[in-house]
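Inspection log for the structure reproduced underneath, given as structure tokens.
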Amino acid sequence: MKKFLLMTVAVSFAAVVSAQQYQVLQEPQQKVKMYTRSFAKAPESISLAKKAPRKSAANGVLYNRPEGSFYHAFSKEGRGYYQTFLIVPPYTDVNFQNVSTASGAATWTYNGQDITDSANGDVLEFGFAGIQDPLADGLRYFSMPTLSIGGTEFTLGTEGKYSSFASYGSGIAVDTLTSLSFADQHNSGYGFGSLDSHFLYGTGKISYSQGDYAGQTATCIGVEQDFEKPMSPLYIEDAYLPFYSNSETPIPAGKELILRFFELDDQGQFGNVIAEMTATADDVFDVEDVTSSVSSGLGYEGKWFSGSVTFTQKSTDAFGGVSVEPVIIDKAFAVVILGVDQEGVNIGFTSTSITDGTNIDNAYFIVEREDGNYGYHYYTDESLHISFTGLFDKIVFADDDTKVYVAPNEGGAAVMKNDSETDAVLLYTAFPWYDNAGNENYYVDVEYTQGDEEWFDALAIDDSYYTQTNSNGNYYGVNLLQVKAKELPSGVTGRKATVHVYGSGVEESFQVIQGDVDSNSTGIESMDATNTVHVSTIAPVYNLNGQQVDKSYKGIVIKNGKKIVQK
């Protein structure tokens with residue numbers, strides 16, 4: 001699908017949030033100002049948890065997008081689906097909140113079948129989606145439910161769209177690494193706004209003609225978009241945005257834009273910086289001259305270009321090599337883009353309109369006024385047109401209530417404590433254990449009680465059932481993890497170990513006991529160094545400087561030749 005240009009004049013100013021205090025951090029090496037919102041005293045800050053409910057649909061029938069889910073976005077190449085797809089993690093409960101204002105009994109249907117019995121009050125407990133076809137490249141999707149009251153219907157993803165897309169419908173999907181957005185990019189949006197540069201969010205100034213700041217001019221220094229906590233840990237490789245510019249090189253050589261991920265608490269206050277991505281002139285792509293269409297459509301003079309820019313988290317090793325590192329987020333967060341006010345930078349980011357049922361926050365552009373104070377501005381029902389290349393990961397035990405396995409004293413395969421016939425741990429995973437290149441998507445750590453020897457002989461992975469289907473054609477998506485123990489030594493009454501299974505930001509664990517030991521206590525207050533198990537071998541763990549580290553080390557580590565985030 002060809003990427004559409006957002007060229008409509010933006011809606012007028014909606015509101016100004018009162019000025020708040022900012023801490024200004026100078027980083028001469030990067031020659032860029034970086035602003036961090038102060039959250040110690042910010043009573044007027046924007047709250048995710050306590051914001052007013054979004055307006056209901058014009059006909060009064062409406063349900064909201066499940067919190068923490070994402071829409072399938074258009075790719076960097078502008079490709080996508082005609083249908084709107086809501087991306088959710090597999091094996092995760094998906095619920096839809098009925099927020100209708102229309103009176104009357106609510107009826108829920110799915111593919112024409114009445115599923116109202118699945119509703120718990122105003123919440124439709126939709127269930128969860130399984131994995132997609134592990135061997136296919138496309139989405140595995142499920143239809144979206146329809147809510148009806150008094151003969152009026154609402155289906156998420158089919159409201160407020162371009163007429164050319166609306167008839168294609170919408171669905172719920174699980175996917176591997178894909179393009180994600182917070183708002184449905186099939187909707188309309190704006191490319192230009194109220195800054196003196198004509199930009200919506202980005203380089204430019206705004207003048208106050210009335211109110212407390214009449215006569216002052218404020219400079220846009222950044223853009224903010226707040227996000228809910230993801231439904232499951234969100235693995236992000238990069239972020240990308242479309243832009244307009246008066247220059248073919250919107251980020252000149254030697255300049256750098258910064259995209260920061262901040263934690264958000266329940267009141268919407270900024271916490272720690274989760275990660276930082278950057279973009280330079282080398283990260284700008286698909287630049288084209290759109291002077292003719294802008295001048296004829298909007299009457300703006302001068303040269304105009306459109307394109308896209310990608311932000312990544314980069315790290316440099318001890319030898320000067322630069323690599324791109326993923327970001328993993330499992331909390332409510334904000335994205336703040338900084339550096340648009342640097343000399344030579346000329347860039348304006350676009351928006352996606354917020355329509356009924358999307359239940360997300362507006363984007364804000366941050367300004368520095370002439371009096372040295374700072375404030376927010378926003379446009380009604382517009383979000384930042386930002387996309388992530390990312391995925392939802394998930395690890396689920398087949399029997400979550402039984403995470404204790406017992407190894408025979410004479411050694412051999414451990415069996416489930418309450419089911420001696422089960423000699424392997426059944427793990428449902430969002431993705432195959434091994435990717436197409438044979439690299440592990442998941443890995444295992446074993447923690448032994450202090451003083452114990454390493455008493456596992458091997459950990460064996462059987463992924464042969466993962467791609468098999470049941471009688472209904474659904475994929476099992478299960479891996480069998482078998483633990484084989486050594487013989488219990490003479491004079492040792494019992495011992496215990498904890499096995500951690502890690503993916504891209506997700507972790508689950510189970511215990512293995514041998515002999516006389518209490519499985520209800522942790523029993524592992526003090527650990528030996530973590531042992532990373534790869535198939536049936538034990539491998540060391542290194543940081544990016546090539547130094548061997550243990551589990552207490554926080555940050556990017558290399559395990560079995562694969563870079564992961566150790567938290």
field: Tyr110/Phe126 under ring-ring contact (aromatic ring centres under 6.0 Å, His included): CA gap, chis, key distance, verdict
entry: CA-CA 10 Å; Tyr110 176 76; Phe126 192 72; 5.5 Å; yes

field: Test salt bridge (charged side-chain N to carboxylate O under 4.0 Å, His left out) applied to Glu276 and Lys314, step by step
entry: CA-CA 9 Å; Glu276 183 173 284; Lys314 306 172 182 71; over 6 Å; no

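- Side-chain contact between Gln185 and His385: present, with at least one pair of heavy atoms (C-beta onward) separated by less than 4.5 Å.
- Heavy atoms only, all atoms of each residue included: Glu343 and Lys255 are closest at O-CE, 3.1 Å.
- Side-chain contact between Val327 and Met277 is present, with at least one heavy-atom pair separated by less than 4.5 Å.
- Taking all atoms of both residues into account, the shortest heavy-atom contact from Phe392 to Pro230 is CE2-CB, 3.9 Å.
- With sequence neighbours left out, Ser383 forms a side-chain hydrogen bond (donor to acceptor under 3.5 Å, both in side chains) with no residue at all.
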message: Is there a side-chain contact (heavy atoms from CB on, under 4.5 Å) between Ile236 and Leu234? Walk through the geometry before answering.
response: CA-CA 6 Å; Ile236 299 175; Leu234 182 63; 3.7 Å; yes

task: Report the C-alpha separation of Tyr141 and Ile172 in whole Å, then their side-chain angles, then the decisive distance to 0.1 Å, and conclude whether the side-chain contact (heavy atoms from CB on, under 4.5 Å) test is met.
output: CA-CA 5 Å; Tyr141 68 92; Ile172 306 165; over 6 Å; no

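- The ring of Phe154 has its center closer than 6.0 angstrom to the ring center of Tyr63.
- Phe128 pairs by the ring-ring contact (aromatic ring centres under 6.0 Å, His included) definition with nothing, not counting sequence neighbours.
- Phe349 is linked by a ring-ring contact (aromatic ring centres under 6.0 Å, His included) to nothing, counting only residues two or more places apart in sequence or in another chain.
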Pairs under 3.5 angstrom only: tabulate donor-acceptor contacts from the side chains of residues 199-207 to other protein residues two or more places apart or in another chain.
residue: Thr203; atom: OG1; partner: Val340; partner atom: O; Å: 2.8
residue: Thr203; atom: OG1; partner: Val345; partner atom: O; Å: 3.4
residue: Thr203; atom: OG1; partner: Ile347; partner atom: N; Å: 3.2
residue: Thr203; atom: OG1; partner: Ile347; partner atom: O; Å: 3.4
residue: Lys205; atom: NZ; partner: Thr219; partner atom: OG1; Å: 2.8

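- For the side-chain contact (heavy atoms from CB on, under 4.5 Å) test, residues two or more places apart in sequence or in another chain that qualify with Glu153 are Thr146, Ser148.
- Side-chain polar atoms of Thr217 and Tyr208 form no donor-acceptor pair below 3.5 angstrom.
- In this structure, the side chains of Val367 and Tyr376 stay at 4.5 Å or more apart for every pair of heavy atoms.
- Between Phe85 and Tyr71, the ring center distance fails the sub-6.0 Å criterion.
- Remark: the backbone N or O of Tyr379 is not paired with any side-chain donor or acceptor of Tyr364 at under 3.5 angstrom.
- Scanning both residues, Phe365 and Leu195, for their nearest heavy atoms gives CE1-CD2, 3.9 Å.
- Between Asp238 and Lys76 there is a salt bridge, since a side-chain N of the basic residue sits under 4.0 Å from a carboxylate O of the acidic one.
- Side-chain N or O atoms of His186 include one that pairs as donor or acceptor with a backbone N or O of Tyr81 at under 3.5 Å.
- The backbone N or O of Gly268 lies less than 3.5 Å from a partner atom in the side chain of Asp265, making a donor-acceptor pair.
- Side chain to side chain, Tyr442 and Asp393 meet the donor-acceptor criterion of an N or O pair below 3.5 Å.
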Using atom types as modelled, flag every donor-acceptor pair under 3.5 Å from a side chain in residues 86-97 to any protein atom, sequence neighbours excluded.
residue: Thr92; atom: OG1; partner: Pro90; partner atom: O; Å: 3.2
residue: Thr92; atom: OG1; partner: Lys394; partner atom: NZ; Å: 3.4

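- Among all heavy-atom pairs drawn from Met144 and Gly171, the shortest one is CE-O, 3.4 Å.
- Within the 4.5 Å cutoff, no side-chain heavy atoms of Phe285 are placed close to those of Val309.
- Using a 4.5 Å heavy-atom threshold, the side chains of Val335 and Ile386 count as touching.
- Side-chain rings of His198 and Tyr190 stay apart, their centers remaining 6.0 Å or farther from each other.
- The shortest distance between side-chain heavy atoms of Ile337 and Leu384 falls below 4.5 Å.
- Using a 4.5 Å cut-off on side-chain heavy atoms (C-beta onward), Asp381 and Ser353 make no contact.
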Check against side-chain contact (heavy atoms from CB on, under 4.5 Å), Glu224 and Phe270: CA-CA 12 Å; Glu224 175 185 341; Phe270 275 17; 3.6 Å; yes

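- In the model, Tyr374 has a side-chain atom that pairs as donor or acceptor with a side-chain atom of Glu368 under 3.5 Å.
- Applying side-chain contact (heavy atoms from CB on, under 4.5 Å) to Phe262 and the options Ile274, Asp226, Val273 leaves one that passes, Val273.
- When all heavy atoms are compared, the tightest approach of Ala275 to Gln313 is CB-OE1, 3.3 Å.
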message: side-chain contact (heavy atoms from CB on, under 4.5 Å), that's the test. Do Leu241 and Thr350 meet it? Break it down for me.
response: CA-CA 8 Å; Leu241 302 89; Thr350 63; over 6 Å; no

Residues Tyr240, Ser179; criterion side chain to side chain donor-acceptor pair (under 3.5 Å); working and verdict: CA-CA 10 Å; Tyr240 58 95; Ser179 300; 2.9 Å; yes

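- Across all their heavy atoms, Val61 and Ile149 have their closest contact at CG2-CB, 4.0 Å.
- Every residue meeting the side-chain contact (heavy atoms from CB on, under 4.5 Å) condition with Phe510, not counting sequence neighbours, appears here in chain and number order: Phe397, Lys403, Tyr405, Val425, Leu481, Val483, Val499, Val501, Val512.
- Looking at residues two or more places apart in sequence or on another chain, you find a side-chain contact (heavy atoms from CB on, under 4.5 Å) between Ser245 and Phe243, Ser247, Pro250, Asn346.
- Partners of Tyr235 according to the side-chain hydrogen bond (donor to acceptor under 3.5 Å, both in side chains) rule, which considers only residues two or more places apart in sequence or in another chain, are Glu237.
- Contact of the Ile354 side chain with the Glu382 side chain is not registered, since no non-hydrogen atoms from C-beta on lie closer than 4.5 Å.
- The pair Arg65-Glu228 counts as a salt bridge, with a side-chain nitrogen and a carboxylate oxygen less than 4.0 angstrom apart.
- No side-chain donor-acceptor contact under 3.5 Å links Gln83 to the backbone of Phe165.
- A donor-acceptor contact closer than 3.5 angstrom links the side chains of His72 and Thr178.
- With sequence neighbours excluded, the residues forming a ring-ring contact (aromatic ring centres under 6.0 Å, His included) with Phe388 are Phe227, listed by chain and number.
- Seen from the ring of Tyr213, Arg369 counts as a face-on cation partner, given the 6.0 Å and 45° thresholds.
- Under the side-chain hydrogen bond (donor to acceptor under 3.5 Å, both in side chains) criterion, Ser181 pairs with no residue at all, not counting sequence neighbours.
- Applying the side-chain contact (heavy atoms from CB on, under 4.5 Å) test to Thr158 and every residue at least two apart in sequence or in another chain returns Thr155, Ser170.
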